[in-house]
Amino acid sequence: KSFIAKADDDLRQESLTMQLIKIMNDIFKKGEIPLQLRTYEIIITSRNSGLIEFIPDSISIDGLKKKTGTDLNTFYRHFFKNHFI
């Protein structure tokens, strides 16, 4: 696995959020809900540093904003326009 090293950043909130996402993913699987959430590892190495698993073929929200010139909500509404009611 590849990881991104983060310094001067407290990753405890991200770690807690990922734990909740993993629980939700398990609930979806058990309920046979056709939705899968992509989880990744977060390793806290100190109060202000850690490692985050790198997801191949991914882009950060900031990178997406720069590439498309729009915000995340607008991007999803355009990209998934046939899936919104």
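The chain is numbered in sequence order, starting from 1.
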In Å and rounded to the nearest 0.5 Å, what is the CD1 to CE distance from Ile23 to Met18?
12.0 Å
Which pairs of donor and acceptor atoms, one on a side chain in residues 58-65, lie under 3.5 Å apart (sequence neighbours left out)?
| unit_1 | atom_1 | unit_2 | atom_2 | d |
| --- | --- | --- | --- | --- |
| Ser58 | OG | Ile55 | O | 2.5 |
| Ser60 | OG | Gly63 | N | 2.9 |
| Asp62 | OD2 | Lys66 | NZ | 3.2 |

Between Arg12 and Ile44, is there a side-chain heavy-atom distance shorter than 4.5 Å?
yes
Rounded at 0.5 Å granularity, tell me how far CZ in Phe54 sits from CD1 in Ile4.
6.0 Å
Do any N or O atoms from the side chain of Asp9 and from the backbone of Leu11 form a donor-acceptor pair under 3.5 angstrom?
no
Could you pull out all donor-acceptor pairs under 3.5 Å where a side-chain atom in residues 25-43 meets a protein atom, sequence neighbours excluded?
| unit_1 | atom_1 | unit_2 | atom_2 | d |
| --- | --- | --- | --- | --- |
| Asn25 | OD1 | Leu37 | N | 3.0 |
| Asn25 | ND2 | Leu37 | O | 3.4 |
| Glu41 | OE2 | Lys22 | NZ | 3.4 |

I need the Ser2 OG to Ile52 CD1 distance, nearest 0.5 Å.
13.5 Å
Taking only residues two or more places apart in sequence or in another chain, which ones pass side chain to side chain donor-acceptor pair (under 3.5 Å) with Ser46?
Asn48, Ser49
